J.: 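If you scroll down you'll find the structure; I have some questions about it.
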Amino acid sequence: MLKIWSMKQKQQQDEAAATGGAKKKKVTAAQLRVQKDLSELSLGSTMKTNFPNPDDILNFTLTIEPDEGMYKGGRFIFDFKINQNFPHDPPKVKCTQKIYHPNIDLEGNVCLNILREDWKPVLNLNAVIVGLQFLFLEPNASDPLNKDAAEDLKANREGFKRNVRLSLGGGNVGKQTFDRVLK
Amino acid sequence: MDEATGTGLPNRPGAQRMRWKYLDNILTRHGPFTDPDWEPGEAAIEGLARAKLLGAGGLGCEILKNLALSGFQDIHVIDMDTIDVSNLNRQFLFRQADVGKYKAEVAAKFVEKRVKGVKITPYCGKIQDKDEEYYKQFAIIVCGLDSIEARRWINATLVGMVDDQDPDSMKPLIDGGTEGFKGQARVIFPTMTSCIECQLDMHAPRAAVPLCTLATIPRQPQHCIEWAHIIAWEEERKDITLDNDDPEHITWLYQKALTRAQEFNIPGVTYSMTQGVVKNIIPAIASTNAIVAASCCNEAFKLATSTNPFLGFPGTDNYMMYTGDESIYTYTFQHMKKSDCPVCGDDNIARPLQVDSDFTLQEFLDSLAERPEAQLKKPSIRSQEKSLYYQFPPDLREQTRPNLSKKLYELVQNGEEVVITDPAFPLTFKYKLVFK
Ligand SMILES: [Zn+2]
């Protein structure tokens, strides 16, 4: 072991200044990665973040206000929870409102491939927010999480659009009452 | 057992030492591969007996048995699990009567009884319960952890412990892991050789089933369990944090999954399958565990004794992979350290930086812009606890802006680590702020 240590000593000719007595608190790998990811977010004019506790960058919300498509005029809030195993684990993302969308269930679970089966550590938070934004432009009936909404979309696109408008205003679609999410 | 607390050699001389005859053959003479500086004999035997080792996690039975039979006499073991009936088929230190007891305690008692002179100190809990002070006491750490998260934690802890002034602060980490017929053994010298974080790409990501499949058309019993785990719990028990180790919670998920499986006519949901899916346990094959654990313990022996070259010596091979699912294949290679590794990368070891604690954060950041290695334009900076200043996103900038006019001593402690990133650079700067 001493041999290995002397190799290490040789490896580094760095000056080693004395450090203070404070207990070492390391910034975690997850925090570091999120910090990098945050600086690369392109939020544009339709998205903004909110950090309830600014010291905790692993938990925040993202507000999306689509400026085109059938969900235009809505304000959708997603809750991001990132654990210490990020980026090995994907962030946990949920919609905080009850909305009418084929790929989001009534509890706010989101069916987005890169949030589960297609997540890879090289993907970043920007990929996730782009994916979420896309869900509002192109709701997808083939990966349903809200079966009723998916069937409505498949059967009658115009009828589906009307349902979306109704739901955004806090109206009923079928048996469900949705949250009012208009700006 | 008390006379055998690791000091001296309670089993020598005499008949009892016969047990170690073959070990002694290795320890008392030079071989073709021994280090020329190494002295065989008494001192080597004693060194082995005195070396304090830590064994952690799922390969526990194998590792404990092997370490004890390799001549180590002061072994500590950490394991948070209790013994389940399903463990008895391969975890040979446990008996029917032990079901429900802590693995670490039962295993320690068993091995102490069978291998006279060995002292095993159990700790029933998580590796994360322990701090640097605890890990400092060991010569070598041997892990057979069952999750990537736990591996990353111990890895980051050991890398963070390395103090350039103290040779004793670098603890070799021997890590073993298996997945069915595949496995790997690797040795890491924290900060010197490729670490677990450098090697993260060697782990296949867990296969996840699309959420919509779980929600609409489950096909396998596991889908029903995942549904209970991810969807039903959130719907019905939102306010209770799911604890994978709480039997009541697992039972609840099991019942939910069973009901759902019946609706879809899917057979096969069991309690232990529920536990397995929820905790993401990969089915263990006893012999693969034995092979990998044996390899880890041999490396521990060679490392502790210098009798033979070992895996992981800086500049040589450090990773042995074993593949048994398609005939049999083993391959040993050198996994290179990554300079941009977030844990051990050269760019990421915190450099001591002398600062004036009366500086405001703004003044400090301005001074960084002038440092030749930094030259930062739009730095964001945090400590482990605090977001000190973020340039982006806007709401975080607004919330952290007031810190710019605060003095450094109000924001960080002397010696605390900060990390600085800048969108202009792929690098991260880590500094340990030392007050002038
Ligand atoms: Zn590394």
Side-chain angles (χ1 to χ4, degrees), chain A residues 1-9 11-12 14-29 31-33 35-36 38-41 43 48-51 54-57 60 83-85 88-89 94 103 105 107 109-113 115-117 119-121 143-145 147, chain B residues 35 37 132 148-149 152 156 160 164-165 167 170 172 189 191-192 197 200 205 207-212 215-216 230-231 234-235 303 313-314 342-343 351-352 354 380 382-387 390-396 399-400 413-419 421-423 428 430 432 434-435:
Chain A
M1 279 302 299
L2 278 173
K3 198 169 220 171
I4 291 172
W5 186 259
S6 57
M7 286 174 69
K8 179 174 169 64
Q9 300 298 69
Q11 252 182 18
Q12 54 187 167
D14 262 357
E15 90 288 7
T19 58
K23 181 155 167 46
K24 286 191 269 178
K25 283 189 195 129
K26 302 270 171 191
V27 175
T28 64
Q31 284 177 321
L32 187 58
R33 175 58 194 271
Q35 176 161 332
K36 281 186 174 172
L38 288 177
S39 66
E40 288 161 8
L41 286 186
L43 297 171
K48 60 174 190 285
T49 55
N50 175 40
F51 291 79
D55 290 329
D56 177 6
I57 53 171
F60 58 93
N83 69 28
Q84 290 295 347
N85 217 16
H88 201 75
D89 288 354
K94 284 190 91 165
N103 311 110
D105 72 13
E107 298 297 319
N109 295 302
V110 182
C111 190
L112 180 63
N113 62 335
L115 285 176
R116 269 181 73 75
E117 67 274 18
W119 173 257
K120 291 181 198 69
D143 286 339
L145 211 50
K147 262 191 284 182
Chain B
D35 188 321
D37 296 342
E132 293 190 2
I148 289 171
E149 196 171 2
R152 293 178 72 189
D164 294 338
Q165 302 296 298
M170 186 174 60
F189 286 94
T191 70
M192 283 195 79
E197 198 79 19
L200 264 192
V209 184
L211 207 52
C212 23
T216 52
I230 296 173
I231 296 171
E234 281 291 302
E235 276 174 19
L303 243 164
F313 188 86
V343 170
R351 289 182 243 194
Q354 298 268 340
S380 290
R382 79 165 299 114
S383 65
Q384 194 261 326
E385 283 179 346
K386 289 199 188 81
S387 295
Y390 278 91
Q391 299 270 359
F392 206 83
D395 101 286
L396 215 46
Q399 294 198 70
T400 54
Q413 284 178 288
N414 190 10
E416 198 166 340
E417 181 186 294
V418 296
V419 300
T421 55
D422 189 310
T428 303
K430 284 194 180 179
K432 209 181 272 178
V434 182
F435 294 166

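Since we're looking at a predicted model, the values are computed, not measured. Every chain is numbered from 1 and lettered A, B, ... according to where its sequence line falls, protein lines coming before strand lines.
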J.: For each of A:Asn103, A:Leu145, A:Val110, tally heavy-atom pairs with chain B at distances under 4.5 Å, and name the one with the top tally.
T.: A:Leu145
J.: Ignoring hydrogens and geometry, is there a side-chain-to-backbone donor-acceptor pair from A:Glu107 to B:Ile231 under 3.5 Å?
T.: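 Looks like no, no N/O pair under 3.5 Å.
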J.: Does A:Val27 offer a backbone N or O that forms a donor-acceptor pair with the side chain of B:Glu417 under 3.5 Å?
T.: yes
J.: Nearest 0.5 Å, please: how far is CG in A:Leu32 from CD in B:Gln384?
T.: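 The CD atom of B:Gln384 sits 12.5 Å away from the CG atom of A:Leu32.
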J.: Just give me the residue among B:Val418, B:Thr400, B:Thr216 that pairs up with chain A most often, heavy atom to heavy atom, under 4.5 Å.
T.: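 Looking at each of B:Val418, B:Thr400, B:Thr216 in turn, B:Thr216 comes out on top.
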J.: Only counting residues at least two apart or in another chain, list the ones meeting ring pair (Phe, Tyr, Trp, His ring centres under 6.0 Å) with B:Tyr390.
T.: none
J.: Between A:Leu41, A:Thr49, A:Leu43, who has the most heavy-atom pairs with chain B when the cutoff is under 4.5 Å?
T.: A:Thr49
J.: Name the member of B:Pro423, B:Pro393, B:Pro394, B:Ser380 that forms the most heavy-atom pairs with chain A at distances under 4.5 Å.
T.: B:Pro393
J.: Applying side chain to side chain contact (heavy atoms under 4.5 Å, CB included) to A:Gln31 and B:Val419, what does each step give before you reach the verdict?
T.: CA-CA 10 Å; A:Gln31 284 177 321; B:Val419 300; over 6 Å; no
J.: Taking all non-hydrogen atoms of both residues, which atom of A:Asp55 and which atom of B:Ser387 are closest, and how far apart?
T.: OD1-N, 2.8 Å
J.: Could you list the residues that satisfy ring pair (Phe, Tyr, Trp, His ring centres under 6.0 Å) with B:Phe435, not counting sequence neighbours?
T.: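 Partners of B:Phe435 by the ring pair (Phe, Tyr, Trp, His ring centres under 6.0 Å) criterion come out as none, since no residue qualifies.
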J.: Specify the closest pair of heavy atoms between B:Leu211 and A:Glu117, including all atoms of both residues, with the distance to one decimal.
T.: N-OE1, 4.4 Å
J.: At what distance, to the nearest 0.5 angstrom, does CG of B:Leu396 lie from CG of A:Leu38?
T.: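 Spacing of CG (B:Leu396) from CG (A:Leu38) equals 6.5 Å.
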J.: Does any heavy atom of chain B fall under 4.5 Å from the side chain of A:Lys147, the backbone, both, or neither of them?
T.: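 Interface part for A:Lys147: side chain.
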J.: Please check if the side chain of B:Arg152 supplies one atom and the backbone of A:Asn85 the other of a donor-acceptor pair under 3.5 Å.
T.: yes
J.: Is there a donor-acceptor pair closer than 3.5 Å between any side-chain N or O of B:Gln399 and the backbone N or O of A:Phe51?
T.: yes
J.: What distance separates B:Cys212 SG from A:Arg116 CZ, expressed to the nearest 0.5 Å?
T.: 9.5 Å
J.: For the pair B:Thr421 (side chain) and A:Lys36 (backbone), establish whether a donor and an acceptor sit closer than 3.5 Å, ignoring hydrogens and angles.
T.: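 Not a single qualifying donor-acceptor pair exists.
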J.: Given that the side chain runs from C-beta out, which part of A:Asn113 has a heavy atom under 4.5 Å from chain B: side chain, backbone, both or neither?
T.: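 A:Asn113 has no heavy atom closer than 4.5 Å to chain B.
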J.: With a 4.5 Å limit on heavy-atom distance, are the side chains of A:Asp105 and B:Glu234 in contact?
T.: no
J.: So, the side chain of B:Gln391 versus the backbone of A:Ser39: is there a donor-acceptor pair under 3.5 Å, distance only?
T.: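 It does not hold such a pair.
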J.: Any chance you could measure A:Met7, atom CE, to B:Met192, atom CE, to the nearest 0.5 Å?
T.: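 If we round to the nearest 0.5 Å, A:Met7:CE and B:Met192:CE are 5.0 Å apart.
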